[in-house]
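Below is one structure, written out as structure tokens; comments come after it.
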Amino acid sequence: MTTSPSATQPGAGARAGEPLIEIEHLVKYFAVREVQGLTMVRNTVKAVDDITFSIADGETLGLVGESGCGKSTVSRCITRLETPTSGAIRYRGRDIANLPEKQLRPLRREIQMIFQDPYSSLNPRQTVGAILSTPLRVHGLAKGKEKARAQELLELVGLNPEHINRYPSEFSGGQRQRIGIARALAVEPKVIIADEPVSALDVSVQAQVMNLLSGLRAELGLSFIFIAHDLGVIRHFCDRVAVMYLGKIVEIGDKPHIYGAPQHPYTQALLSAAPDINVVRGAPPKERIRLVGDPPSPIDPPSGCRFRTRCWKAQDICASQEPPLEDKPGGGDDHRIACHFPEIKSTLVAAVPG
Amino acid sequence: MSAQPIQPEPADRPAILPMDAPAPAPKPVVPIVAPIGEVVLQVTDLAVRFPSDEGPVNAVQDLSYEARLGRTLAIVGESGSGKSVSSMAVLGLHNAKRSTITGSILLDGHEIVGAEESLLRKLRSNTAAMIFQDPLSALHPFYKVGSQIAEAYLAHNSVSKQVARKRAVEMLDLVGIPTPERRARQFPHEFSGGMRQRAMIALGLVNNPKLLIADEPTTALDVTVQAQILDLVKNLQQEFGSAVILITHDLGVVAEVADDILVMYAGRAVEKGLAKDVLARPQHPYTYALLQSLPSASEDSDRLLTIKGSPPSLVNLPSGCSFHPRCAVRDRVPGDACARTLPELRTSAPGRQIRCHLANPEQVLTEEHFA
């Protein structure tokens with residue numbers, strides 16, 4: 001981009017390595033009512049249950065896990081689209097977990113979100129110009145020059161600025177996702193939370209959007225929380241990876257540790273189960289771990305370690321004691337695992353022939 | 001192409017058994033006696049068109065392929081490439097009033113194009129069955145899972161209801177559903193996503209069809225469950241010896257299970273061959289670019305190769321080769337052939353066909369890669 005954003009330079013003034021967002025003991029429960037026979041029962045879905053992690057300035061954290069593991073709920077809590085049940089969310093040292101809406105407004109400018117479905121996340125009755133200038137108006141940015149700024153944003157995400165009067169229906173899926181990205185960038189955020197931003201796109205378009213996001217990250221110095229279920233996409237885009245299972249983080253660490261020397265059995269099973277194109281390129285077949293069954297319900301999670309019902313290493317202690325997320329022997333720096341029987345396995349992704 | 005032996009499974013599979021659900025040993029259910037490699041499905045010059053307000057939609061054009069017993073053919077393409085439309089035509093699922101189908105589909109010796117509904121009814125489920133992407137909408141929500149499977153069995157076999165019900169329980173057991181007796185009496189909403197897909201597979205296989213068409217069977221599932229379902233389909237295929245057509249957009253899945261591959265773009269086949277050859281050394285620029293644009297879980301990548309633009313509208317396809325506006329190597333073809341003439345699907349190597357004007361595609365693609 002030739003024209004840099006006007007008001008504040010994103011990323012400026014922050015010291016590298018200092019935590020930008022700190023999540024401490026975050027808990028989010030949802031009350032649900034279910035019909036059982038002829039009665040209505042009240043239940044609690046423990047979507048996110050006591051998780052702690054942090055993101056440094058300029059860092060990209062990948063959140064990976066199966067559906068229902070709470071990864072989207074975490075992101076919705078950080079953007080405060082949901083109010084956490086308990087725990088702290090500190091943004092630049094300030095706890096935003098329970099801030100009232102009025103004080104939250106200025107912060108919403110700094111933390112923006114990109115959604116999964118580019119069809120339902122854009123208002124079909126607004127033109128692209130209106131979609132992009134609404135956040136500017138709300139935050140009082142680029143006053144009087146909204147249109148010029150909206151066109152600048154379209155250019156930034158690789159769309160034709162002349163298409164500002166078109167409606168979302170006139171764009172393809174990949175182009176709509178670019179509009180969603182432009183809308184998030186309109187207010188010059190510091191952090192972008194991307195919830196499965198490429199999973200609704202065709203393969204040939206997915207790479208375009210991934211490259212666009214990488215380019216913007218480098219150019220604007222953005223931090224990302226990147227949610228995906230595709231382990232290849234996470235590996236491509238993220239610096240650190242947190243693996244979630246049933247509302248808990250089971251393993252978190254730098255990308256080389258998670259992919260190269262994972263210690264938690266669930267991480268290992270995920271890596272082993274992901275279909276990999278490299279097996280046909282002559283890479284030796286990877287070790288096969290097949291989990292049986294589906295993840296249990298977050299309404300009534302297993303006692304102790306939540307993964308124990310599908311784990312092949314489970315013993316009595318796993319049912320009675322919940323393993324803490326902690327450093328383990330052989331793990332890398334800042335590599336934490338929640339398991340009673342951690343063990344390094346490095347044969348789970350196909351070795352790539354030279 | 002010649003029939004290749006089915007790839008053996010890697011032997012070093014660690015035994016992982018859960019505490020609550022031991023994987024049941026599949027019971028033999030009357031195997032098909034036809035020899036492996038026999039052609040069950042022969043599609044020739046298939047074209048499917050739908051009318052629309054903007055003009056006819058050319059969903060599938062001059063498509064030819066075959067499916068053989070004991071082998072898995074993967075049909076790969078993006079949305080709108082015609083992969084689902086072509087396989088629905090195989091079961092005669094298109095409304096004759098709202099579509100124009102030409103060409104020939106020979107299913108186990110029967111012509112499907114223009115066939116009577118009564119013949120189609122006889123062939124569906126019995127000779128060829130289909131499993132769908134979303135098992136929740138494919139199973140009937142008001143009927144118990146067991147009765148839906150039993151009904152499909154009763155429709156083609158003159159047996160008592162008791163026998164059919166027993167058969168349904170047997171099938172649920174076969175696809176690895178624990179406590180099948182109890183599960184047969186439950187409704188689809190009481191099943192988890194993976195279990196529903198297993199039930200769909202049981203429903204598909206209940207009449208021991210020679211051809212099973214799986215349309216994105218694992219797209220809605222989580223990775224660990226996807227791996228289970230792919231293993232199940234592979235194992236059942238070895239046991240039943242049926243032909244499987246796997247429709248998917250996920251090349252990783254193809255790499256894991258397919259013997260043969262057919263890559264489609266904008267309604268036409270662009271590359272055909274053995275899956276391991278095509279994926280290891282793609283010859284069509286589209287296949288090549290697709291493979292290059294995939295981020296892999298097993299290696300770090302800097303920048304992904306992209307295919308510019310997006311798939312064309314099927315109402316007015318580009319002139320010449322449908323892929324030429326997005327092709328990175330079209331200037332390597334002399335003249336402007338790519339924009340003017342549609343390349344024929346030609347044999348480029350033994351067992352390999354591509355639809356491309358490039359005379360030496362592999363060399364051009366390698367040069368481009370290192371350029």
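Lettering follows sequence order; numbering is per chain, from 1.
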- Message: Report which part of A:K313 has an atom under 4.5 Å of a heavy atom belonging to chain B: side chain, backbone, both, or neither.
- Response: neither
- Task: Could you pull out the closest heavy-atom pair between B:E256 and A:P275, with the gap in Å?
- Result: OE2-CA, 3.5 Å
- Query: Of the backbone (N, CA, C, O) and the side chain (C-beta and beyond), which part of B:R326 lies under 4.5 Å from a heavy atom of chain A, both, or neither?
  - Reply: side chain
- Beyond-backbone contact of A:H229 with B:D222, side-chain heavy atoms, under 4.5 angstrom: no
- Query: If you measure from CG on B:L304 to CZ on A:F237, what distance do you get to the nearest 0.5 Å?
  - Reply: 10.5 Å
- Item | Minimum-distance pair of heavy atoms, taken over all atoms of A:R310 and B:Q228 | NH2-NE2, 4.0 Å
- Considering non-hydrogen atoms only, spot the tightest contact between B:A227 and A:R290 and give its length. CB-NE, 3.4 Å
- Mind ranking B:G193, B:P311, B:G309 by heavy-atom pairs under 4.5 Å with chain A and telling me who comes out on top? B:G309
- Item | Contacting moiety of B:L294, where chain A heavy atoms sit under 4.5 Å | side chain
- Message: Exactly one of B:K308, B:E78, B:H249 should register a side chain to side chain contact (heavy atoms under 4.5 Å, CB included) with A:S204. Which one does?
- Response: B:E78
- Task: Give, as side chain, backbone, both or neither, the part of A:S67 having an atom under 4.5 angstrom from any heavy atom of chain B.
- Result: both
- Task: Check whether more than 12 heavy atoms from other residues, nucleotides or ligands sit under 6.0 Å from atom CD of B:Q186, and answer yes or no.
- Result: yes
- Item | Stepwise side chain to side chain contact (heavy atoms under 4.5 Å, CB included) check, A:D202 with B:S310 | CA-CA 9 Å; A:D202 268 325; B:S310 38; over 6 Å; no
- Query: Tell me, do A:Q208 and B:S293 make a side-chain contact under 4.5 Å, heavy atoms counted?
  - Reply: no
- Part of A:Q206 within contact of chain B (heavy atom distance under 4.5 Å): side chain
- What part of B:L305 lies closer than 4.5 angstrom to a heavy atom of chain A: side chain, backbone, both or neither? backbone
- Take B:T306 and A:N211 through the side chain to side chain donor-acceptor pair (under 3.5 Å) test and state the conclusion after the steps. CA-CA 8 Å; B:T306 60; A:N211 280 348; 4.8 Å; no
